[in-house]
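Beneath this line is the structure, given in structure tokens, with notes to follow.
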Amino acid sequence: MLRTQFIRENREEVVRSLKIRNWTDDQLSLIDQVLSTDDSRKQSQTALDELLAGINSRSKQIGELYKSGKAEEANQLKTEVSEIKEKSQQLTDQMNQAIAHLEELLLQLPNIVHPTVPAGKGEEDNEVYKPCESNLDKPEGVDLAHWDLAEKYDILDMAAGAKIAGSGFPVFKGKGARLQRALISYLLDQVTDQGYLEIIPPLLVNEDTARATGQLPDKEGQMYHATADNLYLIPTAEVPITNLYRDVIVKDEDFPIKMTGYTPCFRREAGSYGADVKGLNRVHQFDKVEIVQITHPDKSYDTLNKMVSMVSGLLENLELPYRILRLCGGDVSFTSALTFDLEVFSLAQQRWLEVSSVSNFETFQTNRLKCRFKDENGKMRLAHSLNGSAFGLARVMAAILENNQSSDGIRIPKVLIPYTRFDIIN
RNA sequence: GGAAGAGUGGCAGAGCUGGUUGAAUGCACCGGUCUUGAAAACCGGCGUGCGUUAACGCGUACCGGGGGUUCGAAUCCCUCCUCUUCCGCCA
């Protein structure tokens, strides 16, 4: 969420950013609504504070008058106070209304995009930041999509998942399950070697938590909701892990805060359909290793680059052809200022699969989280937060299976063999 | 699930028979004196949000969350949450 003060002081910047996000002039009027609502909020508060000051000073006097036995004068003041109180009640209501309305408006404003975010309407306009260097032609013998390979080698059973839960809940079996576990262990080992602290968080979170990272209220329909206890199943480890720093004042020397965690992720994916959702391409439950950083504002873009190159390195180690996209204004998420997507090429499907999305949220999340630090002048400032996946494993799995198939079976990438303890699925 | 107790500033810990208590005291932290330096000692400072101001400052709100009683609440009442201990149940 943006701060009103920021919008007030950087109006041009906000407009520029919203235009990159393809906002129409009509929609831009939201900015003025925000500012005028904030004005009336301030007015109410100034008036209210004055009344409250009157009540406070009279109350003090009343106490003193009673002590010195002047009950009559005290009673006089009491009636004055009750009159003031009526007015103050009105103003309080007014102010609270303004605050609620302001909040509602602010929730509609997306993050400011970074100057390097290209204009564009959607996916097709994303900038290829780092193209893929490998040959992407379909090689001889790479014919089967992962759902066919799954059946052939009996390592993944979507139908079984559909029976016991519903469609989009994969069941991994045998070497498939083991490969999945190998990926988790390998990635966690690599990432923790880079100084990330490993976290195993709760998989269900409360409302406050979901709100702080922005899943509520905007994405309520995307989360599974356990209504009996009012808990939400996490759509990503980003939610519980980032919330570890909700309402925390970070010490300068604690930067950068680097955390990682493996969790299953649960997404309702309401409204998805078609070829996109086949096999592991889009599922309701998938495993993911997430990386999160909370940094000093001056360092966050440097950090973003480091995160992207670390994640790229992991794809290289897994011997997967990939490219990096810089998301355009039409595709960058509501909360992000700058996002790089890493896509892996599935040779059998002949299509790109997004396996990681690395973003800098600047202060957009930390504002809601109230995650701050004291700068060198002793001033409270919001920290920057970033996160990325390393990786969404369902799709990495899909690509490994497809790209490494041959008549002999599916070859396991070298770095994973110590974890799988087999080198081929056949 | 049942019973009892507790939740106060970075931490520890008073206040809780309602009225200079935004909150004692100690520790930690920052600045200074002293010292060759450090430690100790001494002096001073040390919460956050919002409003207002050119600024110093002033006002206001906050003692787990929400609501209530009262002229006035950290202090009384209601409710929710969390923690501790005891009992029950259980992987």
Side-chain angles (χ1 to χ4, degrees), chain A residues 1-9 34-106 200-212 216 226-232 240 243-255 257 294 363-383:
Chain A
M1 196 156 68
L2 296 175
R3 287 155 301 148
T4 323
Q5 194 196 348
F6 177 87
I7 298 168
R8 204 178 279 285
E9 290 168 1
V34 165
L35 294 182
S36 67
T37 306
D38 189 47
D39 285 338
S40 61
R41 185 205 112 239
K42 284 184 182 180
Q43 266 174 32
S44 305
Q45 192 186 336
T46 307
L48 177 63
D49 281 358
E50 213 169 293
L51 292 184
L52 291 176
I55 292 175
N56 285 342
S57 69
R58 282 179 179 77
S59 295
K60 245 175 220 170
Q61 285 178 47
I62 290 169
E64 282 159 21
L65 287 171
Y66 271 128
K67 267 184 203 157
S68 49
K70 296 173 183 166
E72 225 169 89
E73 288 176 49
N75 286 331
Q76 168 70 29
L77 282 176
K78 272 197 200 180
T79 52
E80 277 181 41
V81 169
S82 18
E83 280 164 26
I84 300 175
K85 245 196 147 175
E86 263 177 54
K87 279 190 222 160
S88 78
Q89 195 51 55
Q90 280 176 23
L91 275 171
T92 305
D93 293 346
Q94 237 180 65
M95 189 176 75
N96 287 339
Q97 264 175 37
I99 289 172
H101 186 48
L102 183 63
E103 165 98 7
E104 204 180 292
L105 295 174
L106 285 173
I200 300 182
L203 305 182
L204 283 88
V205 297
N206 59 32
E207 244 177 275
D208 285 346
T209 297
R211 176 163 291 109
L216 291 178
T227 52
D229 298 290
N230 197 25
L231 295 170
Y232 293 87
N243 265 276
L244 291 172
Y245 281 85
R246 171 152 52 91
D247 293 320
V248 168
I249 295 170
V250 178
K251 290 205 181 76
D252 213 2
E253 62 264 30
D254 292 339
F255 285 133
I257 293 156
I294 293 171
T363 61
F364 200 81
Q365 277 187 334
T366 51
N367 186 30
R368 275 206 225 183
L369 283 169
K370 294 214 264 325
C371 173
R372 297 167 296 172
F373 71 101
K374 264 191 187 148
D375 71 11
E376 57 280 8
N377 301 317
K379 238 186 97 182
M380 279 294 185
R381 289 173 63 189
L382 293 167

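The model shown is predicted, which means the values in this text are computed figures rather than measured ones.
B/C58 and B/A4 have their P atoms separated by 47 Å, given to the nearest Å. With C1' as the reference atom, B/C77 and B/U70 are 12 Å apart, rounded to whole Å. Rounded to whole Å, the C1' atom of B/G1 lies 37 Å from the corresponding atom of B/G18. As rounded to the nearest Å, B/U84 and B/U79 have P atoms that lie 23 Å from one another. Only the P atoms considered, B/U20 is 40 Å distant from B/G2, to the nearest whole Å. Rounded to a whole angstrom, the distance from the P atom of B/G15 to that of B/C86 is 26 Å. Taking the C1' atoms as reference points, B/A3 lies 33 Å from B/G9, given to the whole Å. Taking atom C1' on both B/A23 and B/C63, the two are 8 Å apart, rounded to the nearest angstrom.
A search for salt bridge (Lys or Arg N to Asp or Glu O under 4.0 Å) contacts involving A/Glu64 returns nothing, not counting sequence neighbours. Applying the salt bridge (Lys or Arg N to Asp or Glu O under 4.0 Å) criterion to A/Arg3, with sequence neighbours excluded, gives no partner residue. In this structure, the side chain to side chain donor-acceptor pair (under 3.5 Å) partners of A/Glu80, at least two apart in sequence or on a different chain, are A/Arg58. For A/Lys78, the side-chain contact (heavy atoms from CB on, under 4.5 Å) partners at least two apart in sequence or on another chain are A/Ile62, A/Tyr66, A/Asn75. By the side chain to side chain donor-acceptor pair (under 3.5 Å) test, A/Glu103 is found to be paired with no residue, residues two or more places apart in sequence or in another chain being considered. Remark: A/Leu106 engages A/Met1, A/Thr4, A/Ile7, A/Val34, A/Leu102, A/Leu109 in a side-chain contact (heavy atoms from CB on, under 4.5 Å) (not counting sequence neighbours). Residues passing the ring pair (Phe, Tyr, Trp, His ring centres under 6.0 Å) test with A/Tyr245: none are found, sequence neighbours excluded. With sequence neighbours excluded, the residues that form a side chain to side chain donor-acceptor pair (under 3.5 Å) with A/Asp38 are A/Arg8, A/Arg41.
No side-chain heavy atom of A/Phe6 sits less than 4.5 Å from a side-chain heavy atom of A/Thr363. Inter-residue side-chain proximity for A/Lys374 and A/Met380 is flagged as met; some heavy-atom pair is nearer than 4.5 Å. A 4.5 Å side-chain heavy-atom check between A/Val205 and A/Asn243 finds every atom pair outside the cut-off. Between A/Gln94 and A/Leu48 there is no side-chain heavy-atom pair separated by less than 4.5 Å. Contact check for A/Tyr232 versus A/Leu204: no side-chain heavy atoms found under the 4.5 Å cut-off.
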Distances under 3.5 Å between nitrogen or oxygen atoms of protein and nucleotides 19-21 of chain B:
from, atom 1, to, atom 2, distance (Å)
B/G19, N2, A/Ser59, O, 2.8

Quick test: give all pairs of protein nitrogen or oxygen and nucleotides 61-66 of chain B nitrogen or oxygen below 3.5 Å, distance rounded to 0.1 Å.
from, atom 1, to, atom 2, distance (Å)
B/A61, OP2, A/Asn56, ND2, 3.4

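Pair assignment for B/U35 gives none, since no Watson-Crick or G-U wobble pairing has each distance under 3.5 Å. The nucleotide B/U17 finds no pairing partner, because no Watson-Crick or G-U wobble arrangement with both distances shorter than 3.5 Å includes it. Nucleotide B/A40 forms no Watson-Crick or G-U wobble pair with any nucleotide shown, as no partner meets the under 3.5 Å limit on both distances. With both pairing distances under 3.5 Å, B/G22 is matched to nothing as a Watson-Crick or G-U wobble pair. The partner of B/A73 cannot be assigned: no Watson-Crick or G-U wobble pair with both contacts below 3.5 Å exists in any strand. With a cut-off of 3.5 Å on both pairing distances, the Watson-Crick or G-U wobble partner of B/G51 is B/C58. The nucleotide B/G1 finds its pairing partner in B/C87, both defining distances of the Watson-Crick or G-U wobble pair being shorter than 3.5 Å. Of the nucleotides present, B/C27 is the one that pairs with B/G10 by Watson-Crick or G-U wobble criteria, both distances under 3.5 Å.
Nucleotide B/A73 holds its C1' atom 11 Å from the NZ atom of A/Lys85, rounded to whole Å. Whole-Å rounding puts the A/Leu65 CG to B/G72 P distance at 15 Å. Atom-to-atom, CG of A/Asp252 to C1' of B/C29 comes out at 15 Å; the value is rounded to the nearest Å. When the P atom of B/U60 is taken as reference, atom CG of A/Leu48 falls 11 Å away, rounded to whole Å. Protein atom CG of A/Leu51 is 15 Å distant from nucleotide atom C1' of B/U52, rounded to whole Å. Counting to the nearest Å, the P atom of B/G72 and the CD atom of A/Glu73 are 19 Å from each other.
Side-chain polar atoms of A/Asn56 and A/Ser59 form no donor-acceptor pair below 3.5 angstrom.
Nearest-nucleotide assignment on RNA chain B puts the 5′-proximal partner with A/Thr46, out of A/Thr46 and A/Val81.
More than 12 heavy atoms of other shown residues, nucleotides or ligands fall within 6.0 angstrom of atom CD in A/Glu9.
No donor-acceptor pair under 3.5 Å is formed between the side chain of A/Thr366 and the backbone N or O of A/Leu382.
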Item to check | Where protein sits on nucleotides 45-50 of chain B, one letter per nucleotide: B base, S sugar-phosphate only, - none, heavy atoms under 4.0 Å | outcome: ---SSB
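Note on A/Lys251: every side-chain N or O is 4.0 Å or more away from OP1 and OP2 of B/C29.
Of the residues in residues 91-104 of chain A, not one places a heavy atom less than 4.0 Å from an atom of RNA chain B.
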